[in-house]
Amino acid sequence: MLSDSLFNTMLLFGLIFTAAGFVLGLFCNNRRIFQLEDRIMRLKRTVAHLQRKLEERDEESEDAAIQQDAQAMTGDR
C-alpha cells in the first residue's frame, strides 16, 4: 500500500517535471528563433548598406573617368 502511493507520487512528480521541462524548452527555443531572426534582419540591412555604398563608389569612379576622358579630349590638363 505504501509502495503504491509512493509509486503514484513519484509518477506524478515525474509527469509534472517533464511537463515543466517541455514548456521551458519550448520557451527557450522560441527565444533563440527570435534572436536568429533578429540577426538575419541585421545582416540583410548591413548587406543592403554595403551594396549602396559600393554602387556610390562605382558611380564616383565612373564620373571621375568621364571627367578625365573629357579633359583628355579637350586638352585641358
Side-chain angles (χ1 to χ4, degrees):
M1 187 99 151
L2 180 64
S3 63
D4 287 341
S5 64
L6 186 61
F7 176 76
N8 288 337
T9 306
M10 296 304 288
L11 186 63
L12 182 63
F13 277 118
L15 289 173
I16 290 171
F17 286 124
T18 302
F22 180 73
V23 170
L24 287 175
L26 286 177
F27 174 73
C28 291
N29 194 23
N30 195 20
R31 222 175 70 205
R32 285 185 192 149
I33 289 172
F34 283 130
Q35 288 173 348
L36 287 174
E37 288 175 349
D38 186 42
R39 287 180 187 169
I40 289 170
M41 291 304 296
R42 280 189 273 149
L43 284 173
K44 285 181 179 179
R45 281 190 299 229
T46 303
V47 168
H49 171 72
L50 291 175
Q51 284 178 338
R52 281 193 305 269
K53 202 171 182 181
L54 187 61
E55 288 171 358
E56 288 174 1
R57 185 183 296 169
D58 288 343
E59 288 174 2
E60 289 174 1
S61 65
E62 287 176 6
D63 291 342
I66 291 171
Q67 287 178 354
Q68 287 177 355
D69 290 343
Q71 288 176 352
M73 292 177 85
T74 59
D76 295 342
R77 281 196 168 220

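All values reported here derive from a predicted model rather than from experimental measurement. Throughout, numbering of the chain's residues begins at 1 and tracks the sequence. Basis for what follows: all heavy atoms, side chains included, without hydrogens, waters or symmetry-related copies.
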Original post:
Who pairs with D38 by salt bridge (charged side-chain N to carboxylate O under 4.0 Å, His left out), at least two apart in sequence or on another chain?
Top reply: R42

Original post:
Measuring from N29:CG to L24:CG, what's the distance to the nearest 0.5 Å?
Top reply: 12.5 Å

**OP:** Answer whether the closest heavy-atom distance between the side chains of F34 and R31 falls below 4.5 Å.
**Re:** no

Original post:
From K53 NZ over to E56 CD, what is the distance, rounded to the nearest 0.5 angstrom?
Top reply: 9.0 Å

Original post:
Quick one: side chain to side chain contact (heavy atoms under 4.5 Å, CB included) partners of F17, sequence neighbours excluded?
Top reply: F13

Original post:
Just how far is it from atom CG of L11 to atom CG of L6, taken to the nearest 0.5 Å?
Top reply: 11.0 Å

**OP:** Output the distance between atom CE (M41) and atom CG (L36), rounded to the nearest 0.5 Å.
**Re:** 13.5 Å

Subject >> Interatomic distance, S3 atom OG to N8 atom CG [nearest 0.5 angstrom] >> reply: 9.5 Å

**OP:** Mark yes or no for whether N30, through its side chain, and L26, through its backbone, hold a donor-acceptor pair below 3.5 Å.
**Re:** no

Original post:
Rounded to the nearest 0.5 Å, how far does OG of S61 lie from CD1 of I66?
Top reply: 9.5 Å

